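Take a look at the structure set out below.
Worth saying up front: this structure is predicted, and the values here are computed from it rather than measured.
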Amino acid sequence: MAREDMKKHSMKEQQPEERIKNFDEVPYGYDVEIAVEEANRCLECKHEPCRKGCPVEIDIPAFISLIKEKRFEESIHKLKEKNNLPAVCGRVCPQENQCEALCVRGKKGEPVAIGRLERFIADWQLENGVETPELPVKSGKKVAVIGSGPAGLTCAADLAKMGHDVTVFEAFHAAGGVLVYGIPEFRLPKEIVKKEVEYIKSLGVEIRTNIVIGKTITIDELLDEEGFDAVFIGSGAGLPRFLGIPGENMLGVYYANEFLTRTNLMKAYLFPEYDTPIYLGKNVAVVGAGNVAMDSARTALRLGAENVHIVYRRSEKEMPAREEEIHHAEQEGVKLNLLTNPVRIIGDEKGWVKGMECVKMRLCAPDESGRSRPEPIENSEFVFEVDTVIIAVGNTPNPLIPQTTEGLQTGSRGTIVADEFGKTSRKAVWGGGDIVSGAATVIKAMGAGKAAARDIHTYLSSGA
Amino acid sequence: MYKLVTKKVLSDVSKLFEVEAPLVARKAKPGQFIILRVDDKGERIPLTIADSNPERGTVTIIFQEVGLTTQCLGRKEAGEYISDFVGPLGKPMEFPEGSGRVIAVGGGLGIAPIYPKVKGFFKAGKDVISIIGARSKELLILEEEMRSVSKTIHICTDDGSYGHHGFVSEILQQYLDDGEPIAEIIAVGPLPMMRAIVNQTRPYGVKTLVSLNPIMVDGTGMCGACRVTVGGATKFTCVDGPVFDGHHVDFDELVARSRMYLDKEKQSLDFCRCGGVK
């Protein structure tokens with residue numbers, strides 16, 4: 001086997017020194033020639049190990065095989081049989097832990113670049129257009145989907161393809177959930193999300209924005225008054241989680257979701273052309289080491305910060321972010337401050353952040369999460385001179401739906417309790433995504449949406 | 001899109017719109033608010049629901065033209081549309097049935113958000129004493145509406161152009177001193193006014209509610225912009241409020257946080273797309 005063949009084809013990307021000055025997408029994606037070459041690396045293994053790694057069950061060898069033959073339209077149809085948001089997944093899925101982790105080629109070299117091929121074929125479709133699949137005869141059943149993020153959109157699209165009437169309720173003014181408010185433009189262009197949403201609408205799904213379920217309408221009203229036969233809750237991220245240290249409400253301290261929402265959904269990076277402002281100092285500390293932390297750090301650089309630090313209490317090995325995100329962040333100049341834990345935020349006389357006191361940590365035996373438990377090193381406190389702090393350490397479930405839905409069981413941490421098919425304690429109510437699992441990934445939420453759609457279909461078909 | 005059904009100019013700087021939003025109107029309760037966006041490039045801003053009419057499917061909002069969004073909104077006329085209008089958000093206020101004396105203190109534009117609450121107390125059978133104030137007679141809003149739901153009403157102006165020449169706190173002091181029991185006080189107005197009232201009532205131990213209006217983005221508990229310290233704990237105004245026990249609110253922090261974007265707000269006004277006052 002040729003040496004070259006051991007490696008994935010790389011994607012051209014914007015150089016770090018250029019890209020930190022704009023919000024344009026970093027990698028450009030494959031062209032036809034490279035895509036076909038990369039597809040040819042696929043061995044089409046009979047036992048199809050990659051498929052077991054895909055939460056939305058894509059027939060990976062089949063869609064890649066069609067790329068080999070340049071049968072792109074058929075390839076996209078194959079992909080869309082299972083995945084309603086391929087242009088999103090091709091960009092943000094952690095393929096390295098999923099399909100690609102199981103690729104036979106990965107044993108002696110790099111796996112087939114399944115994610116990049118998915119992106120290629122999805123983008124090809126967005127450029128060239130593709131016909132909406134023929135839909136089955138209408139079932140006459142109505143399903144309400146709460147939230148238009150990855151879980152909701154997936155569930156809605158699958159149910160529409162099964163012949164049900166689906167209405168998606170979105171609290172924000174735009175559809176997409178975390179895909180539009182959370183994930184930055186340079187990682188997932190909003191034009192792409194818009195096109196994926198357009199496709200889902202073309203399946204007959206209605207999306208109603210500016211409706212907060214639990215406030216504007218309750219789940220009971222959807223079922224009892226609005227004529228819905230089933231409800232899927234995919235309401236996503238909840239209340240901010242802070243560190244519980246002094247100074248977190250000072251000026252210049254952002255919770256990551258606010259920082260990202262202002263920038264992505266409200267387009268604060270185009271202020272004052274867009275009305276929503278954002279404040280950013282020169283020296284920024286981002287607390288946390290997940291994808292949201294990396295997104296915040298890289299966004300801060302693009303908004304003009306001079307020094308951006310990730311502050312994380314464990315070591316590099318435990319960082320929850322995707323490898324690619326950490327790599328991109330470091331390439332762009334984000335500094336990692338590991339085994340470092342914030343103790344308090346220090347402000348000036350007007351309440352603006354001027355520093356963050358931290359303590360050095362060391363790792364001890366693993367805790368119940370299986371990760372090494374960090375412990376402070378005595379007398380190792382020091383002050384970071386920063387003027388902006390972004391807290392990105394996760395969230396706790398939103399209380400609006402549980403509070404207003406009697407009989408909907410929640411777990412000890414406030415998440416909605418659901419079985420593997422998304423069924424909750426309430427009849428005709430399913431749930432999936434972050435509101436059930438706690439903060440996870442786009443693709444896991446999509447997998448949950450898919451599983452629930454199938455179960456809802458069974459329920460509706462049983463004459464309920 | 002949401003239709004602006006009627007428009008009223010209440011004073012030089014405050015305007016009223018009835019907005020067509022049947023789903024919000026059906027659910028709106030005193031104490032709750034909405035978030036609106038004027039157009040596709042607009043900011044999301046929270047405004048208290050001043051009134052609602054489920055039959056007509058309308059929600060009344062009253063605002064002062066202080067920033068870019070409110071200026072752009074103020075330039076709209078009845079029959080025009082705005083992009084987004086979502087609600088009702090926040091916790092509704094509770095009005096325990098039964099008699100008792102409630103004092104409502106409303107300052108400036110705070111009279112708009114206090115009106116539905118006074119109406120709630122009035123309907124629950126409370127004797128409401130309303131003390132409302134403005135800088136001058138021209139700036140006083142909702143006098144008739146407030147009068148219709150109050151047992152007694154006092155009007156104060158800073159310049160003496162109408163009613164009592166002085167501050168609302170002076171009238172309130174008379175009630176605090178008269179020895180008659182007060183079930184509750186509710187104060188809504190600019191932050192310095194609410195802070196002053198809360199400090200004034202604290203020694204008397206009379207429960208004093210305030211309604212907060214901090215900077216918000218989503219309004220559903222996701223972003224944390226509206227956090228406020230109440231009784232030493234961080235609360236989110238959009239889901240835990242907007243009405244809080246004023247004696248436990250950290251007003252210093254709230255005042256500081258309300259100034260976070262002052263520079264940007266000026267910049268924004270200079271840029272103003274809608275051709276508003278520069």
Side-chain angles (χ1 to χ4, degrees), chain A residues 170-174 178 181-182 208-218 221 235-242 244 248-262 265-268 270-279 347 350-352 391 395-400 403, chain B residues 2 21 23-24 26-27 32 35-45 67-69 72 83-91 215-229 234 236 239-240 250 252-257 259-261 263-265 267-273:
Chain A
E170 168 57 46
F172 265 132
H173 54 261
V178 72
Y181 78 74
R208 295 181 66 185
T209 52
N210 291 327
I211 293 182
V212 183
I213 301 298
K215 286 288 178 189
T216 318
I217 309 175
T218 63
E221 287 166 339
S235 54
L239 302 180
R241 182 194 300 245
F242 285 91
E248 281 183 298
N249 294 347
M250 280 177 181
L251 286 82
V253 182
Y254 277 108
Y255 176 63
N257 271 351
E258 181 188 357
F259 185 75
L260 292 174
T261 302
R262 282 181 180 271
L265 178 71
M266 306 310 296
K267 303 212 180 305
L270 299 173
F271 179 87
E273 192 199 332
Y274 281 73
D275 296 348
T276 304
I278 196 156
Y279 163 82
K350 285 187 174 158
W352 285 90
I391 311 284
N395 60 74
T396 60
N398 191 299
L400 293 184
Q403 268 172 9
Chain B
Y2 298 80
L23 292 178
V24 186
R26 199 176 63 169
K27 280 292 174 66
Q32 293 188 296
I35 283 191
L36 64 77
R37 209 168 62 122
V38 174
D39 61 31
D40 275 346
K41 291 182 175 178
E43 194 174 2
R44 294 169 66 94
I45 62 154
L68 178 65
T69 305
C72 292
S83 293
D84 303 289
F85 192 86
V86 56
L89 303 170
K91 282 189 180 161
I215 295 167
M216 285 188 189
V217 184
D218 69 296
T220 63
M222 193 266 286
C223 85
C226 66
R227 60 195 191 272
V228 53
T229 302
T234 293
F236 303 109
V239 293
D240 299 319
D250 182 340
D252 289 345
E253 180 183 279
L254 203 53
V255 169
R257 287 185 66 80
R259 304 173 66 87
M260 177 133 174
Y261 296 101
D263 291 351
K264 300 276 186 186
E265 281 163 21
Q267 201 184 335
S268 196
L269 278 176
D270 287 343
F271 188 84
C272 187
R273 300 187 313 276

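- If you measure heavy-atom distances from B:Arg257 to chain A, the contacts under 4.5 Å come from both the backbone and the side chain.
- With a 4.5 Å cut-off on non-hydrogen atoms, B:Leu254 does not touch chain A at all.
- For A:Thr218, the parts lying near chain B are the backbone and the side chain together; criterion is any non-hydrogen pair under 4.5 Å.
- Distance alone, capped at 3.5 Å, is enough to place a donor-acceptor pair between the A:Lys215 side chain and the B:Gly90 backbone.
- For the pair A:Pro272 and B:Lys264, the minimum side-chain heavy-atom distance is 4.5 Å or more.
- Looking at A:Arg208, the atoms closer than 4.5 Å to chain B (heavy atoms on both sides) all sit in the side chain, from C-beta outward.
- At a 4.5 Å heavy-atom cutoff, the contact between B:Arg44 and chain A is made by backbone and side-chain atoms alike.
- Residue contact with chain B, scored on non-hydrogen atoms closer than 4.5 Å, involves the backbone and the side chain of A:Thr216 alike.
- In terms of non-hydrogen atom pairs under 4.5 Å with chain A, the most contact-rich of B:Glu265, B:Gln32, B:Arg259, B:Glu253 is B:Glu253.
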For this session: Would you please test B:Met260 and A:Trp352 for side chain to side chain contact (heavy atoms under 4.5 Å, CB included) and show each step?
Result: CA-CA 9 Å; B:Met260 177 133 174; A:Trp352 285 90; 4.2 Å; yes
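- Of all non-hydrogen atoms in B:Gly221 and A:Pro240, the two that sit nearest each other are O-CD, 3.3 Å.
- The ring-ring contact (aromatic ring centres under 6.0 Å, His included) search around A:Tyr254 returns A:Phe259, not counting sequence neighbours.
- Contact annotation for B:Tyr2: only side-chain heavy atoms (C-beta onward) come within less than 4.5 Å of a heavy atom of chain A.
- Within the model, atoms CG of B:Leu68 and OG1 of A:Thr276 stand 9.5 Å from one another, a figure rounded to the nearest 0.5 Å.
- Here the closest heavy-atom approach between residue B:Tyr261 and residue A:Tyr279 is recorded as CE2-N, 3.6 Å.
- Here A:His173 is the residue among A:Met266, A:His173, A:Gln403, A:Lys267 with the most heavy-atom pairs under 4.5 Å with chain B.
- A distance of 5.0 Å separates CG in B:Leu23 from CD1 in A:Ile211, rounded to the nearest 0.5 Å.
- The choice from B:Gly67, B:Ala21, B:Ala225 that makes the most heavy-atom pairs within less than 4.5 Å of chain A is B:Ala225.
- Distance check, rounded to the nearest 0.5 Å: OG1 of B:Thr220 to CD1 of A:Ile213 gives 12.0 Å.
- Considering only heavy-atom pairs separated by less than 4.5 Å from chain A, the leading option among B:Ser83, B:Gly224, B:Pro88, B:Gly219 is B:Pro88.
- Interface remark: A:Leu400 contributes side-chain atoms only to the contact with chain B (heavy atom separation under 4.5 Å).
- How far OH of A:Tyr255 is from CZ of B:Arg227: 10.5 Å, rounded to the nearest 0.5 Å.
- Only the side chain of A:Asn398 comes within contact range of chain B, with at least one heavy atom under 4.5 Å from a heavy atom of that chain.
- Residues that satisfy the side-chain contact (heavy atoms from CB on, under 4.5 Å) test with A:Glu170, not counting sequence neighbours, are A:Ser148, A:Phe172, A:Thr209.
- Residue A:Ile278 touches chain B through its backbone alone, counting heavy-atom pairs closer than 4.5 Å.
- B:Asp218 and A:Thr261 share no side-chain donor-acceptor pair at under 3.5 Å.
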